[in-house]
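Following: one structure in structure tokens, then a few remarks.
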There are 2 protein chains.
Amino acid sequence: MAADDENRGSLEQSEVDEDLVAQVREKMPEDEPLYDLAELFKVFGDSTRIKIIWALFESDMSVGDIANLLNMTQSAISHQLRVLKNARLVKYKKSGKTVYYSLNDDHIKKIFELGMEHIME
Amino acid sequence: MAADDENRGSLEQSEVDEDLVAQVREKMPEDEPLYDLAELFKVFGDSTRIKIIWALFESDMSVGDIANLLNMTQSAISHQLRVLKNARLVKYKKSGKTVYYSLNDDHIKKIFELGMEHIME
DNA sequence: TGCTCATTTGAACATTTGTTCATATGTAAT
DNA sequence: ATTACATATGAACAAATGTTCAAATGAGCA
């Protein structure tokens with residue numbers, strides 16, 4: 001709206017544009033949190049990891065259980081769990097030979113729900 | 001919890017595991033919405049697109065404005081806007097030679113806020 | 001018509017990413 | 001110690017991705 005209607009009279013486009021750009025630039029966060037945010041969503045941007053997280057909504061599970069559930073190799077699941085662990089999205093608890101993973105963040109479910117709302121629109 | 005404590009007595013591990021897997025499998029959504037959800041987050045998983053969206057929180061802007069703001073080529077921005085458009089996250093309005101883009105979804109801001117909360121934790 | 005400006009498009013390229021395979025680590029039982 | 005089992009790790013490979021460059025489209029203006 002603002003950008004659309006104020007480009008009249010004798011002003012050249014470029015002047016108005018630069019005003020708007022400067023104005024928006026002031027309000028922009030620093031680069032680093034935006035990089036971090038992109039990194040977080042990158043972690044969500046893979047269907048295997050989405051499935052793992054969704055499974056963990058229901059119950060904590062071992063690596064083998066998850067591999068079984070998703071019909072994938074233990075190795076593939078283990079690699080992906082490491083990604084989730086690095087993003088501090090899951091935590092784990094060792095019990096003998098097996099390792100049980102569980103979710104580590106309360107925001108995930110809400111983020112997923114909002115994402116689903118967009119999908120369904 | 002459930003998976004951790006019920007493995008006693010004469011039952012072999014595998015039986016218990018399969019019960020849990022079956023139980024979780026029942027509650028899992030179909031593959032397709034999970035793929036779509038991953039695709040949505042994939043769009044958010046790039047810092048250029050994150051920056052574009054954040055800029056559009058403030059004001060709708062032309063392609064050139066955004067390129068100027070982010071110190072990137074128009075071509076790069078245009079490519080990314082197409083990704084955002086395909087995901088139905090932005091819409092555009094032509095005005096003469098210039099094209100103004102704006103956000104098309106109310107969920108985005110909340111998703112970003114929740115994501116930021118995780119980052120800050 | 002011809003020229004300029006804003007944007008779009010497609011091919012090319014380097015980089016990143018997810019899975020597989022083979023191997024290593026670590027724990028429990030015999 | 002040796003075996004078996006659960007998980008983790010590293011290298012290798014194919015597939016996907018973001019930017020650049022050059023060229024195309026399309027709209028206003030001389």
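Values reported hereafter were calculated over all heavy atoms of this structure, with side chains retained and with hydrogens, waters and symmetry mates removed. Proteins get letters first, then strands, A, B, ... in listed order; numbering begins at 1 in each.
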Pick one: which of B:Asp65, B:Leu89, B:Val63, B:Asp60 meets side chain to side chain contact (heavy atoms under 4.5 Å, CB included) with B:Tyr101?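 Answer after filtering B:Asp65, B:Leu89, B:Val63, B:Asp60: B:Val63.
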
Phosphate OP1/OP2 of D:dA6: any A:Gln74 side-chain N/O under 4.0 Å: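 So the side-chain polar atoms of A:Gln74 never come under 4.0 Å of the phosphate oxygens OP1 or OP2 of D:dA6.
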
Give a yes/no on whether any side-chain N or O of B:Thr98 is located under 4.0 angstrom from OP1 or OP2 of C:dA6.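 No, no such contact exists.
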
For the student: nearest non-hydrogen atoms of A:Ser59 and A:Met61, plus distance: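 For A:Ser59 and A:Met61, the tightest heavy-atom pair comes out as O-CG, 3.5 Å.
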
Regarding B:Tyr101, tell me which of base, sugar-phosphate or nothing describes its non-hydrogen contacts under 4.0 Å with the strands shown.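 Touches sugar-phosphate only.
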
d([atom1], [X]; [atom2], [N]) in whole Å:
X: A:Lys97; N: C:dT27; atom1: NZ; atom2: P; answer: 12 Å
X: A:Asp65; N: D:dC5; atom1: CG; atom2: C1'; answer: 14 Å
X: B:Asn86; N: C:dT9; atom1: CG; atom2: P; answer: 10 Å
X: B:Leu70; N: D:dG18; atom1: CG; atom2: P; answer: 15 Å
X: A:Asn71; N: C:dT19; atom1: CG; atom2: C1'; answer: 15 Å

Could you check whether any side-chain N or O of B:Lys91 sits under 3.5 Å from a backbone N or O of B:Leu103, counting only pairs where one atom can act as donor and the other as acceptor?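 Here the side-chain-to-backbone pair exists.
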
Run the side-chain donor-acceptor check on residues 43-50 of chain A: report pairs under 3.5 Å with partners two or more places apart or on a different chain.
unit_1  : atom_1 : unit_2  : atom_2 : d
A:Asp46 : OD2    : A:Thr48 : N      : 3.1
A:Asp46 : OD2    : A:Arg49 : N      : 3.1
A:Arg49 : NE     : A:Val43 : O      : 2.6
A:Arg49 : NH1    : A:Gln80 : OE1    : 2.8
A:Arg49 : NH2    : A:Lys42 : O      : 3.2

Check the orientation of A:Trp54 and A:Phe112. Use parallel for under 30°, tilted for 30 to 60°, and perpendicular for over 60°.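 Tilted: the ring planes of A:Trp54 and A:Phe112 meet at 30° to 60°.
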
A:His118 side chain reached by A:Glu121 side chain, heavy atoms, under 4.5 Å: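 When only atoms from C-beta onward are counted, A:His118 and A:Glu121 do touch, with a gap below 4.5 Å.
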
Does any residue of residues 30-53 of chain B have a heavy atom under 4.0 Å from DNA chain C, and if so, which ones, in number order?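 Heavy-atom cutoff 4.0 Å gives no residues at all.
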
Could you identify which residues of residues 75-85 of chain A place a heavy atom less than 4.0 Å from some atom of DNA chain D, listed by residue number, or say none?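 Those residues whose heavy atoms fall under 4.0 Å from DNA chain D, taken from residues 75-85 of chain A in numerical order, are A:Ser75, A:Ser78, A:His79, A:Arg82.
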
Is there a path of hydrophobic side-chain contacts, each under 4.5 Å between heavy atoms, that joins A:Tyr35 and B:Leu114?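 Different clusters: A:Tyr35 never reaches B:Leu114 through Ile, Leu, Val, Met, Phe, Trp or Tyr contacts under 4.5 Å.
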
First locate atom CG of B:Asn68, then atom CD of A:Glu18, and finally report the distance between them rounded to the nearest 0.5 Å.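 With rounding to 0.5 Å, CG (B:Asn68) is 6.5 Å from CD (A:Glu18).
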
Greater than 12 external heavy atoms within 6.0 Å of A:Lys85's NZ: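 Yes, enclosed.
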
